[in-house]
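In what follows, a structure is listed as structure tokens, so that the remarks can point back to it.
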2 protein chains.
Amino acid sequence: MKSDTVYKRTFNQMLDLIQDHPVGAALPSETVLASELGASRTTIRKVIDELCAAGLLRFEARRRIVLSHDCGGLYHPVVETVSASDRLEKLFMEWMLRGDAKPGTAINEAEMARRFGISTTGIREFLNRFSRFGLVERRPGSGWVFKGFSESFASELFEIREMFELRSALAFCRLPREEACWKKLGQIEQEHHALLADIETRFHDFSDLDDRFHRLVIHGAPNRFIEDFYDIITFVFHYHYQWNKKSEKQRNRTAIVEHLRYIEALRSGDEATVDAACRAHLKSARLTLFQSMINETAPAGTKDNGA
Amino acid sequence: MKSDTVYKRTFNQMLDLIQDHPVGAALPSETVLASELGASRTTIRKVIDELCAAGLLRFEARRRIVLSHDCGGLYHPVVETVSASDRLEKLFMEWMLRGDAKPGTAINEAEMARRFGISTTGIREFLNRFSRFGLVERRPGSGWVFKGFSESFASELFEIREMFELRSALAFCRLPREEACWKKLGQIEQEHHALLADIETRFHDFSDLDDRFHRLVIHGAPNRFIEDFYDIITFVFHYHYQWNKKSEKQRNRTAIVEHLRYIEALRSGDEATVDAACRAHLKSARLTLFQSMINETAPAGTKDNGA
DNA sequence: TCCTTGTTTTTTATGGATAAGAGACATCGA
DNA sequence: TCGATGTCTCTTATCCATAAAAAACAAGGA
């Protein structure tokens with residue numbers, strides 16, 4: 001049976017929304033709510049019904065009037081708002097990054113299902129989707145092998161990343177200046193300046209900006225395989241640095257500065273400059289990643305020597 | 001319920017095997033049979049039981065004696081020997097390459113399940129696995145978009161292929177001559193010569209050789225992402241040229257000659273030569289593919305102009 | 001004539017069931 | 001002792017069921 005995580009998440013969001021409105025005010029129409037909260041009208045209506053029953057809203061003359069802000073214990077626990085597959089992803093990465101699994105370990109679906117408390121169907125789907133990240137591999141015959149978040153993984157990842165990014169950066173700087181992406185680049189550059197000025201408090205915002213910057217560069221000369229590959233990068237960085245917060249602020253500050261040089265290089269239109277700035281940034285990103293792997297996450301056995 | 005395709009396939013293979021043995025001779029042990037036919041002993045035993053019941057074999061004193069070659073109508077139909085997922089893959093590719101689906105079409109799981117007569121779970125698994133080929137894409141929200149085997153697909157594919165192969169070829173020619181791969185290269189070279197000599201009759205054997213050659217080159221400096229990507233190439237070529245047999249012999253002959261030059265270049269160790277030979281081969285492969293796309297498969301509407 | 005809301009239909013997420021197939025263990029004859 | 005066969009257990013492929021969500025449709029009021 002499908003779980004009702006969407007409902008619960010939407011319910012919580014709606015509680016937030018109610019508190020943003022003064023008592024007596026009206027909430028937007030169902031359609032608007034649906035698109036704002038990212039759910040279907042069906043779900044929105046269910047939530048509204050529930051909230052009316054709880055006495056927080058009143059439905060009158062096509063308007064949903066806020067009756068009270070008293071949402072004390074109404075919030076649904078956050079765990080219940082994430083879908084089974086997202087939960088599994090998180091559990092799995094946690095398990096992996098904590099180093100519970102040595103590279104080379106065979107895992108089978110049935111066992112995983114037991115370990116993570118998720119149906120085998122769910123496990124199987126997850127492994128299938130996940131295998132593109134190169135961290136697990138289906139073994140001919142049966143079962144899966146766990147490849148580990150190892151140094152060889154990271155270095156193979158970076159080798160590709162460098163090829164792709166260099167290619168994209170050069171292609172980008174050759175684009176005619178009228179192209180929309182130059183304008184977007186300007187905006188992103190502004191965001192970098194803004195973030196840098198405020199780095200002390202807002203350094204967490206960097207990873208999103210980083211992602212948008214690199215994706216913009218890459219998208220200048222679109223290639224679905226390159227863009228798909230960037231999903232892997234995003235994913236890996238997301239989890240790795242979630243487990244590994246050491247010197248995050250400093251790390252991000254450095255990266256911002258490198259990005260700004262990189263952007264400047266792109267503007268210059270000079271390919272040698274672009275090449276140099278891009279390489280410099282990637283080299284430093286790689287180094288940072290490796291250092292954080294060696295110092296923190298990887299207990300003995302998590303490092304391998306390539307295959 | 002799991003289908004018994006393994007059993008049926010094994011049964012058919014065993015019939016072949018029986019006919020290879022004179023009446024009165026004994027088949028190998030269960031263990032040996034299992035490993036030779038690529039199935040588990042469980043399956044082998046089931047097949048043997050069945051064949052004994054059919055009077056083709058007799059089990060006496062630990063030996064399986066062939067009693068007769070009379071396997072007339074015993075073969076299971078070939079369709080019943082392929083697993084649901086393989087069947088789906090084939091159906092889907094057929095549907096796609098025949099041009100029944102215009103690029104950009106949204107497909108949903110339920111509809112596909114109906115169209116192909118396979119459970120939605122099966123469809124979903126297929127789409128998940130298949131999405132890495134870049135021909136379908138999960139749409140945020142729900143459903144899938146069919147991207148089409150278009151020119152832009154092929155050209156994006158080749159762009160990556162060229163990057164990867166060039167990198168691998170250069171890495172390969174730098175490998176010390178003692179490495180095992182040089183020996184393997186020699187063997188593969190021989191196979192090329194042999195095939196070329198016999199091209200009139202054996203030209204179908206090229207695609208397998210082609211695959212092994214490129215994978216050998218690539219594997220010289222292993223990178224899981226590159227090797228994974230080569231799966232896509234293999235897959236695409238496999239299906240495309242299955243639908244498109246035009247001038248296959250000529251095409252393969254040309255490729256063999258190019259490979260031989262490429263191999264020679266690798267041996268020379270001179271990077272410029274390698275670079276040139278590799279590029280030449282890829283350029284010609286690309287051209288061939290494009291021509292065959294334009295001339296045969298793609299009806300109007302199958303070509304797009306990139307996204 | 002549109003936006004809103006009420007209602008119905010379709011699709012998707014997720015767990016469960018089950019026979020097929022794989023693998024592990026036990027036994028036995030040379 | 002060791003490979004072969006017999007037996008038992010566990011895993012996987014595959015379909016089905018069902019509630020949740022999404023989408024499509026219908027009707028009503030400014």
Side-chain angles (χ1 to χ4, degrees), chain A residues 1-10 28-35 38-49 59 61-64 82-88 106-114 117-128 138-139 141-144, chain B residues 1-10 26-35 38-49 59 61-64 82-88 106-114 117-128 138-139 141-144:
Chain A
M1 182 184 67
K2 195 167 183 172
S3 63
D4 59 353
T5 54
V6 176
Y7 164 72
K8 286 177 176 163
R9 184 168 51 250
T10 310
S29 79
E30 289 174 2
T31 324
V32 173
L33 284 171
S35 90
S40 72
R41 261 187 64 222
T42 311
T43 305
I44 298 289
R45 302 186 98 231
K46 196 171 158 193
V47 170
I48 289 175
D49 283 356
F59 190 54
R62 308 187 145 216
R63 323 182 118 242
R64 285 141 296 272
V82 303
S83 68
S85 59
D86 287 356
R87 196 169 67 248
L88 176 58
I107 39 186
N108 72 18
E109 296 169 5
E111 195 190 321
M112 274 186 75
R114 264 173 264 131
I118 294 208
S119 76
T120 56
T121 319
I123 297 289
R124 169 191 288 257
E125 177 176 341
F126 170 74
L127 287 171
N128 270 129
R138 183 186 225 115
R139 220 197 263 159
S142 67
W144 298 78
Chain B
M1 182 182 65
K2 197 167 181 171
S3 63
D4 58 354
T5 54
V6 176
Y7 164 71
K8 287 178 175 160
R9 183 169 49 248
T10 311
L27 261 38
S29 78
E30 289 175 1
T31 323
V32 173
L33 284 171
S35 91
S40 71
R41 262 187 64 222
T42 311
T43 306
I44 298 289
R45 303 188 96 233
K46 196 172 156 192
V47 170
I48 289 176
D49 284 356
F59 190 53
R62 302 187 148 220
R63 321 181 118 241
R64 285 142 296 273
V82 302
S83 68
S85 60
D86 288 354
R87 197 170 66 248
L88 175 58
I107 41 188
N108 71 16
E109 296 170 5
E111 196 190 321
M112 277 186 72
R114 265 173 263 133
I118 295 208
S119 75
T120 56
T121 320
I123 298 288
R124 171 192 286 256
E125 177 177 340
F126 170 74
L127 288 170
N128 269 128
R138 185 188 223 112
R139 219 195 267 158
S142 68
W144 298 78

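Below, chain A is the first sequence line, B the second, and so on; all start at residue 1.
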Restricting to side-chain hydrogen bond (donor to acceptor under 3.5 Å, both in side chains), what partner residues turn up for [X], sequence neighbours left out?
| X | answer |
| --- | --- |
| A:Arg45 | A:Glu30 |
| A:Arg114 | none |
| A:Lys8 | A:Glu80 |

Got a list of protein N/O to nucleotides 15-19 of chain C N/O distances below 3.5 Å?
unit_1 : atom_1 : unit_2   : atom_2 : d
C:dG15 : OP2    : A:Ser119 : OG     : 3.0
C:dG16 : O6     : A:Thr121 : OG1    : 3.2

Item to complete: Describe the nucleic acid contact of A:Arg9 in one word from base, sugar-phosphate, nothing, applying a heavy-atom distance below 4.0 Å.
Response: nothing
List for me each residue that meets side chain to side chain contact (heavy atoms under 4.5 Å, CB included) alongside [X], sequence neighbours excluded, and say none if there are none.
| X | value |
| --- | --- |
| B:Ala106 | B:Arg139 |
| B:Thr120 | B:Ala113 |
| A:Arg62 | none |
| A:Thr42 | A:Ser40 |

Discussion item. Please give me every residue in residues 106-113 of chain B whose heavy atoms get under 4.0 Å of an atom in DNA chain C, ordered by residue number.
Written reply: B:Asn108, B:Glu109, B:Ala110
Gap between atoms [atom1] and [atom2], on [X] and [N] respectively (whole Å):
| X | N | atom1 | atom2 | result |
| --- | --- | --- | --- | --- |
| A:Ile123 | D:dT11 | CD1 | C1' | 14 Å |
| B:Lys8 | C:dG21 | NZ | C1' | 15 Å |
| B:Leu33 | D:dG3 | CG | P | 17 Å |
| B:Ile44 | C:dA20 | CD1 | P | 16 Å |
| A:Asp4 | C:dT14 | CG | P | 11 Å |
| B:Trp144 | C:dT11 | CH2 | P | 16 Å |

Discussion item. So, OP1 or OP2 of D:dA21: does either fall under 4.0 Å of a side-chain N or O from A:Ser40?
Written reply: no
Measure the shortest side-chain to side-chain distance between [X] and [Y] over non-hydrogen atoms and say whether it is less than 4.5 angstrom.
| X | Y | result |
| --- | --- | --- |
| B:Arg138 | B:Leu127 | no |
| A:Arg64 | A:Ser29 | yes |
| B:Met112 | B:Ile118 | no |
| B:Arg87 | B:Thr5 | no |

Give each protein N/O atom lying under 3.5 Å from an N/O atom of nucleotides 4-7 of chain D, with the pair distance.
unit_1 : atom_1 : unit_2  : atom_2 : d
D:dT5  : OP1    : B:Arg64 : NH1    : 2.6
D:dT5  : OP1    : B:Arg64 : NH2    : 2.8
D:dT5  : OP2    : B:Glu30 : N      : 3.0
D:dG6  : OP2    : B:Arg45 : NH2    : 2.1
D:dG6  : O5'    : B:Arg45 : NH2    : 3.1
D:dG6  : N7     : B:Arg41 : NH2    : 2.7
D:dG6  : O6     : B:Arg41 : NH1    : 3.0

Worksheet, complete the sentence: Comparing nearest nucleotides in DNA chain C, the 5'-proximal residue of the pair B:Gly38, A:Glu125 is A:Glu125
